[in-house]
Colleague: 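So that we are looking at the same thing, I have put the structure below in structure tokens.
Chain identifiers are assigned alphabetically (A, B, ...) following the order of the sequence lines, protein sequences preceding nucleic acid strands; residue numbering begins at 1 within each chain. This is a predicted model, so every value here is computed, not measured.
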Amino acid sequence: MIITSFCSYIIFTHDNSRKNLAKPCHLCYFLFSFHSRRAPSEKALFWLRAQEDLLEERYDFKKFEERWQRLWEEQKTFKVFEDASKPKYYCLEMFPYPSGRIHVGHTRVYVIGDVIARYKRMRGFNVLHPMGWDAFGLPAENAAIKHGIHPSKWTIENIAYMRDSQLKRMGLSYDWDREVTTCFEDYYRWNQWFFVKMYERGLAYKKLSYVNWCPSCSTVLANEQVENGLCWRCSSVVTHKELDQWFFKITAYAEELLSSCDSLTEWPERVLTMQRNWIGKSIGVEVDFRVEGSGEKLTIFTTRQDTLFGVTFMSIAPEHPMLESLITDTKQADEVRSFVQRAMREDKAARTDEKHEKEGIFTGAYAINPLNGGKVPIWVGNFVLMEYGTGAIMSVPAHDQRDFEFAKKYALPIVVVIQNLEKTLVPETMKQAYVEDGIMTNSGQFNGISNTAAKEKIADHIEQGKIGKRAVNWRLRDWGVSRQRYWGTPIPIIYCEKCGTIPVPEKDLPVRLPMDVEFTGKGLSPLAESKSFKETTCPQCGGSARRETDTMDTFVDSSWYFLRYCSPKEGTAPFDTKEASYWMNVDQYIGGIEHAVLHLLYARFFTKVIRDLGLYDGDEPFQRLLTQGMVVKDGAKMSKSKGNVVPPDMIISKYGADTARLFSMFAAPPERDLEWSDQGVEGTYRFLHRIWTLIYKHHQAIMKVKPAGREAKGDPLYRKTHITIKKVTEDIEREFHFNTAVAALMEMVNEMYDYASGGLNDGQLPVLRSAIDALTLLIAPFAPHFAEELWESLGNRNGIANAPWPQYDPEAVIALEITVVVQVNGKVRSKLTLPAGTSDKDIEAAALADAKVKEFTDNKPPKKVIVVQGKLVNVVL
RNA sequence: GCCGCUGUGGCGGAAUUGGCAGACGCAAGGGACUUAAAAUCCCUCGGGGGGCAACUCCCGUACCGGUUCAAUUCCGGUCAGCGGCACCA
């Protein structure tokens with residue numbers, strides 16, 4: 001005894017990791033053998049192991065959460081390799097920006113992902129569950145300007161804190177060996193590689209254009225990064241600047257990005273709608289209007305070619321290139337020029353606001369309607385956009401509300417070409433444009449047919465007469481990727497006076513971000529001011545040249561990181577094609593709705609480009625998407641500025657990671673907003689205590705018995721156990737309803753308390769044991785440390801993380817008795833308890849014989865009796 | 001304006017295929033244990049009425065209407081909130 005207690009002392013203190021518990025540790029073995037002068041007997045070994053099966057009286061998470069985290073890490077429990085013997089499952093949460101401190105609003109998404117990953121692992125999947133850092137970005141650079149810390153130092157310190165003090169303490173089952181950090185050159189060099197490949201294919205190009213400019217971030221923004229005219233990051237009012245910028249030709253994939261939305265059947269409809277709206281496909285025709293008295297043609301785009309006969313004027317954008325030629329030699333030329341100058345001085349955002357006053361001026365020129373030869377005046381309109389369509393529009397006041405108002409304002413004619421069958425339209429008395437369907441009128445050979453039919457016929461006519469063609473217009477613009485900031489991937493381009501624009505050759509990649517730069521926050525970006533970075537030699541002629549000093553939008557980094565996780569150490573390519581084809585697609589992607597357009601659109605685009613580069617054979621990266629709700633507290637989104645943040649470390653210290661996880665899962669279904677409630681956290685903490693106390697109370701007794709099997713079929717707790725296994729499994733499988741899964745576990749625990757309250761006989765102990773086993777397994781994805789500790793105390797030595805998920809016994813969930821609800825005229829009047837399998841006829845008879853039913857039917861014969869199999873009887877009078 | 005989503009107790013939320021509305025939890029109230037408190041355990045808990053009581057009746061899922069033996073669930077309309085798109089030709 002002295003020896004063995006000495007051994008257990010060694011196990012608990014010296015080898016706290018309990019690594020090789022199937023055998024005593026070497027030191028114990030040695031000591032034991034030394035004292036007894038023989039190898040330990042089986043009996044003694046069992047005693048050693050039994051030490052492990054002791055259970056603390058009270059649930060004290062502090063005693064084991066860290067230990068399990070360390071064990072998982074040491075044993076590489078979550079490290080994965082390609083394994084053809086198992087089905088693979090790729091579970092991914094959108095990776096975080098390392099902003100410093102996260103709060104429980106951020107950790108919710110990781111817990112959701114972790115529950116899924118742990119569940120799938122127990123279901124026998126080979127689960128890839130990686131984590132990394134979207135590490136480039138403005139806050140790091142702003143910190144550098146404000147506090148004089150280098151962005152690299154700031155970022156790396158934040159990553160260390162978030163990883164070690166926050167995420168790891170949540171017990172998240174990541175394969176940390178696959179950690180990806182986008183600001184490291186082994187990652188961003190591939191951004192540059194993609195850039196060069198895209199440049200070679202004409203998918204990356206530079207052009208001078210009006211771009212969105214955030215004065216506060218002092219950089220350009222993509223269209224997707226402007227929300228209601230404000231910067232997506234800092235909410236400053238976005239202005240416009242004419243700059244020479246790099247673009248990715250996402251519009252080349254517009255058609256596919258739109259049409260393959262239909263294949264994303266496991267994405268929320270909301271996200272798909274937003275993407276479809278954003279891409280914005282308009283189908284119509286382009287029509288050439290000859291300018292009277294000149295050889296020039298003015299091309300317009302319209303989706304309403306059925307109204308072409310009703311055109312009474314045309315409008316062009318102030319920036320339209322034909323403007324000068326239209327107004328030369330006209331008497332109002334100067335007046336038009338001053339109007340145009342005034343319009344162009346106005347800010348784009350203001351000009352394109354709906355409430356902005358629509359103004360125009362007649363140019364003095366006329367165009368000829370190619371369908372009816374009609375002569376229509378050409379106006380300049382401040383509301384016509386050069387970026388959409390052709391920069392020129394036809395105006396049909398009778399059938400377009402905006403044109404109608406413009407015509408009324410400037411006394412332009414109105415011609416009805418689609419007649420309303422219910423109430424004849426008369427231009428003089430019209431109060432608004434008629435935009436419904438109707439019958440063609442005033443439209444030459446097309447009169448009398450419906451306007452919907454006329455659309456096709458007129459489009460045919462235009463194409464046959466070679467006066468235009470069918471055309472498609474997109475709302476989607478090319479993705480502006482140049483950023484005038486330091487902390488991002490340098491754009492790998494060299495400008496040579498002799499050779500022009502030259503991409504950096506592959507062998508010279510990466511173009512490293514220089515570390516010795518100054519952060520003043522004034523003037524140009526640190527790169528543009530760094531001589532040693534800027535000055536270089538031309539890779540073609542060897543002459544002096546200069547580097548592009550803009551960096552790439554950080555959304556480039558996140559557009560392909562999910563592929564990098566498949567082979568994060570790959571040094572010769574962005575990723576290993578074979579590994580990627582094993583792991584991809586991402587089976588489950590989880591992230592916030594704020595990326596419905598931004599990141600999710602860019603990542604889809606990149607995947608298609610990568611496919612066309614021949615590196616990957618899929619069309620879409622994310623099979624199934626879950627957009628989790630935000631975490632709110634005191635009625636507001638959790639945020640530093642609102643002062644309502646709850647850091648996970650605080651909850652972990654007070655209640656433990658398992659409570660934090662369980663509450664996040666229980667308080668609301670994942671896609672809905674979650675109200676953080678301190679009392680709710682207490683409640684889930686109490687629940688874990690309740691389980692612990694129950695198991696502690698019966699620990700010794702149940703350790704002596706084997707779990708019950710099918711022979712216990714008739715036992716109510718056995719039945720509840722299997723109902724719960726079924727319910728929890730189905731709730732997770734069906735739309736990840738973790739809240740109801742946890743509720744089911746609570747119900748089961750309540751029933752276990754009832755079951756054990758009156759003492760347990762020999763038949764009941766095994767049933768309780770099997771209930772405890774099942775409960776421990778079922779709660780493992782939600783509260784993994786808690787489950788591991790209990791699982792070990794129940795005599796299991798291989799950890800619960802890879803233990804098989806329990807199966808329910810279909811026979812056990814069938815009730816022996818059924819409760820039939822009896823209604824009279826649709827109102828519940830009685831309930832009957834009948835043996836399972838009672839025929840409909842017998843159920844009906846029993847219902848009609850019921851005293852309560854007789855009272856309500858007053859012994860009158862029922863008009864009709866409806867019996868729902870084993871559930872309900874409705875007696876209709 | 002167009003499109004989408006949501007609306008259930010004091011609160012978070014259940015109700016899976018049209019079949020017992022309010023599971024589970026929080027808060028609240030009452031009780032047990034305790035010198036006391038904490039912890040724990042038990043009971044009550046949508047609204048209104050009747051009964052000494054076991055109990056029982058009526059109303060109730062934003063609002064109005066419809067389909068149905070039966071509607072939180074399906075259909076039509078209204079209102080409110082949230083989100084997306086919007087001078088897009």
Side-chain angles (χ1 to χ4, degrees), chain A residues 58 227-228 268-282 284 300-305 307 314-315 317 351-358 381-385 387-396 400-403 405-406 435 473-475 593-594 596-597 632 663 666-669 671-684 686-687 689-690 693 727 730-731 734-735 737 739-750 753 757 819-831 852 862-869 871-877:
Chain A
R58 287 186 58 78
E227 294 167 350
N228 297 319
E269 199 49 48
R270 186 155 78 118
V271 175
L272 293 173
T273 306
M274 282 162 77
Q275 293 228 345
R276 288 187 184 112
N277 279 343
W278 188 263
I279 297 166
K281 182 181 189 178
S282 295
I300 60 102
F301 171 77
T302 182
T303 56
R304 293 299 306 273
Q305 62 270 25
T307 64
M314 304 186 67
S315 303
R351 218 180 99 192
T352 52
D353 189 274
E354 193 181 358
K355 286 165 215 80
H356 194 66
E357 179 77 15
K358 291 167 198 57
N382 65 350
F383 57 90
V384 184
L385 307 171
E387 306 85 61
Y388 188 81
T390 60
I393 61 168
M394 65 176 208
S395 295
V396 187
D400 180 279
Q401 188 58 26
R402 188 192 54 207
D403 294 347
E405 283 162 23
F406 196 84
V435 294
N473 249 293
W474 302 93
R475 217 194 72 95
I593 188 72
E594 67 272 17
V597 173
V632 295
F663 175 74
F666 176 60
E671 66 279 5
R672 229 187 286 183
D673 285 355
L674 181 151
E675 170 83 33
W676 191 267
S677 140
D678 295 335
Q679 282 137 346
V681 175
E682 291 269 2
T684 41
R686 265 202 295 273
F687 170 58
H689 269 287
R690 246 167 91 74
T693 308
K727 167 90 179 140
E730 286 174 357
D731 280 351
R734 179 180 60 95
E735 304 297 326
H737 284 185
N739 56 328
T740 50
V742 175
L745 294 174
M746 289 173 167
E747 271 189 73
M748 179 173 161
V749 171
N750 290 343
Y753 264 91
S757 64
T819 303
V820 178
V821 175
V822 184
Q823 298 180 333
V824 178
N825 282 337
K827 284 186 178 164
V828 180
R829 296 301 178 188
S830 183
K831 280 175 196 181
K852 204 78 195 146
K863 201 161 101 191
K864 199 169 162 190
V865 179
I866 286 143
V867 181
V868 180
Q869 179 79 64
K871 255 189 195 168
L872 174 136
V873 180
N874 191 6
V875 181
V876 187
L877 296 177

Colleague: Starting from P on B/A15, measure out to CD on A/Glu730 and report it in whole angstrom.
Modeller: 12 Å
Colleague: Could you check A/Val868 against A/Phe666 and say which one's nearest nucleotide on RNA chain B is further toward the 5' end?
Modeller: A/Val868
Colleague: Searching all strands shown, indicate the nucleotide that pairs with B/C63 (Watson-Crick or G-U wobble; both distances under 3.5 Å).
Modeller: B/G77
Colleague: Given the C1' atoms of B/C64 and B/G7, what is the spacing between them in whole Å?
Modeller: 16 Å
Colleague: Assign each of A/Val742 and A/Lys852 to its nearest nucleotide of RNA chain B by heavy atoms, then name whichever residue's nucleotide is nearer the 5' end.
Modeller: A/Val742
Colleague: Please report the distance, rounded to the nearest Å, between CE in A/Met394 and P in B/C88.
Modeller: 14 Å
Colleague: Please tell me if the side chains of A/Asn825 and A/Val876 come closer than 4.5 Å, counting only heavy atoms from C-beta onward.
Modeller: yes
Colleague: Quick check on A/Arg829: does its CZ atom have over 12 non-hydrogen neighbours (other residues, nucleotides or ligands) under 6.0 Å away?
Modeller: yes
Colleague: With sequence neighbours excluded, tell me which residues meet side-chain contact (heavy atoms from CB on, under 4.5 Å) with A/Asp673.
Modeller: A/Met630
Colleague: Less than 4.5 Å apart, any side-chain heavy atom of A/Lys852 and any of A/Val822?
Modeller: no
Colleague: Using a 4.0 Å heavy-atom cut-off, does A/Val821 contact any base of the nucleic acid, only the sugar-phosphate backbone, or nothing at all?
Modeller: base
Colleague: Is the NZ or CZ atom of A/Arg690 both under 6.0 Å from the centre of the six-membered ring of A/Tyr753 and within 45° of that ring's axis?
Modeller: yes
Colleague: Rounding to an integer number of Å, can you tell me how far A/Tyr388 OH sits from B/A89 C1'?
Modeller: 7 Å
Colleague: Report yes or no: is there a donor-acceptor pair, N or O only, under 3.5 Å between the side chain of A/Lys727 and the base of B/U16?
Modeller: yes
Colleague: Looking at B/G22, which nucleotide sits across from it as a Watson-Crick or G-U wobble partner, both distances under 3.5 angstrom, or is there none?
Modeller: none
Colleague: Please report the distance separating the C1' of B/C5 from the corresponding atom of B/U56, rounded so that it comes out in whole Å.
Modeller: 42 Å
Colleague: Using the test salt bridge (Lys or Arg N to Asp or Glu O under 4.0 Å), find all partners of A/Glu405 that sit at least two apart in sequence or belong to another chain.
Modeller: none
Colleague: Can you pull every protein N or O that's under 3.5 Å from an N or O on nucleotides 40-45 of chain B?
Modeller:
| from | atom 1 | to | atom 2 | distance (Å) |
| --- | --- | --- | --- | --- |
| B/C41 | OP1 | A/Arg690 | NH1 | 2.8 |

Colleague: Can you check whether A/Leu385 reaches A/Phe383 side chain to side chain, under 4.5 Å on heavy atoms?
Modeller: no
Colleague: Does any non-hydrogen side-chain atom of A/Tyr388 lie less than 4.5 Å from one of A/Ile393?
Modeller: no
Colleague: Could you identify the nucleotide paired to B/G1, looking across every strand shown and requiring Watson-Crick or G-U wobble geometry with both distances under 3.5 Å?
Modeller: B/C85
Colleague: Answer with base, sugar-phosphate or nothing: what part of the nucleic acid does A/Asn750 contact at a heavy-atom distance below 4.0 Å?
Modeller: sugar-phosphate
Colleague: Given the P atoms of B/A27 and B/C41, what is the spacing between them in whole Å?
Modeller: 13 Å
Colleague: Within this structure, what is the CZ-to-C1' distance between A/Arg276 and B/C88, rounded to whole angstrom?
Modeller: 19 Å
Colleague: Using atom C1' of each nucleotide, how far apart are B/G22 and B/C59 to the nearest Å?
Modeller: 16 Å
Colleague: In whole Å, what separates the P atom of B/A39 from that of B/G29?
Modeller: 14 Å
Colleague: Let me know the distance between NE2 of A/His737 and P of B/A23, rounded to the nearest Å.
Modeller: 19 Å
Colleague: Looking at side-chain heavy atoms only, is the closest gap between A/Glu269 and A/Leu272 below 4.5 Å?
Modeller: yes
Colleague: Using a cut-off of under 3.5 Å, enumerate the N/O to N/O pairs linking the protein to nucleotides 82-85 of chain B.
Modeller:
| from | atom 1 | to | atom 2 | distance (Å) |
| --- | --- | --- | --- | --- |
| B/C85 | O3' | A/Arg475 | NH1 | 3.0 |

Colleague: Could you tell me how far B/G4 sits from B/A89 if I compare only their C1' atoms? Round to whole Å.
Modeller: 25 Å
Colleague: Quickly work out the A/Arg734 CZ to B/A14 C1' distance and round it to whole Å.
Modeller: 11 Å
Colleague: Could you tell me if the side chain of A/Gln823 sits less than 4.5 Å from the side chain of A/Ile866, heavy atoms only?
Modeller: no
Colleague: Kindly indicate, with the supporting measurements, whether the criterion side-chain contact (heavy atoms from CB on, under 4.5 Å) is fulfilled by A/Thr740 and A/Lys727.
Modeller: CA-CA 9 Å; A/Thr740 50; A/Lys727 167 90 179 140; 4.2 Å; yes
Colleague: NA contact type, A/Lys831, heavy-atom cut-off 4.0 Å: base, sugar-phosphate, or nothing?
Modeller: base
Colleague: Categorize A/Asp673 for me: base, sugar-phosphate, or nothing, with a 4.0 angstrom heavy-atom threshold over every strand shown.
Modeller: sugar-phosphate
Colleague: Does A/Arg829 reach a base, just sugar-phosphate, or nothing at all? Heavy atoms under 4.0 Å.
Modeller: sugar-phosphate
Colleague: Grab the N/O contacts between the protein and nucleotides 67-75 of chain B below 3.5 Å, and write none if there aren't any.
Modeller:
| from | atom 1 | to | atom 2 | distance (Å) |
| --- | --- | --- | --- | --- |
| B/C69 | OP1 | A/Lys864 | NZ | 3.4 |
| B/C69 | O2' | A/Asn874 | ND2 | 3.3 |
| B/C69 | O2 | A/Asn874 | ND2 | 2.4 |

Colleague: I'd like to check the salt bridge (Lys or Arg N to Asp or Glu O under 4.0 Å) partners of A/Asp400; sequence neighbours left out, ordered by chain and number.
Modeller: none
Colleague: Whole Å only: how far is the CG atom of A/Asn382 from the C1' atom of B/A89?
Modeller: 15 Å
Colleague: If you define the side chain from C-beta out and look only at heavy atoms, does anything of A/Asn874 sit under 4.5 Å from A/Lys864?
Modeller: no
Colleague: Using the P atom on both, measure B/G30 against B/A21 and round to a whole Å.
Modeller: 31 Å
Colleague: Is there a Watson-Crick or G-U wobble partner for B/C45 with both distances under 3.5 Å, and which nucleotide is it?
Modeller: none
Colleague: Measuring to OP1 and OP2 of B/A89, would you say a side-chain N or O of A/Asn473 lies under 4.0 angstrom away?
Modeller: no
Colleague: A side-chain contact here means heavy atoms from C-beta on lying under 4.5 Å apart; do A/Arg58 and A/His689 qualify?
Modeller: yes
Colleague: What is the base-pairing partner of B/A37, counting Watson-Crick and G-U wobble geometry with both distances under 3.5 Å?
Modeller: none
Colleague: Roughly, in whole Å, what's the span from CE in A/Met748 to C1' in B/C24?
Modeller: 15 Å
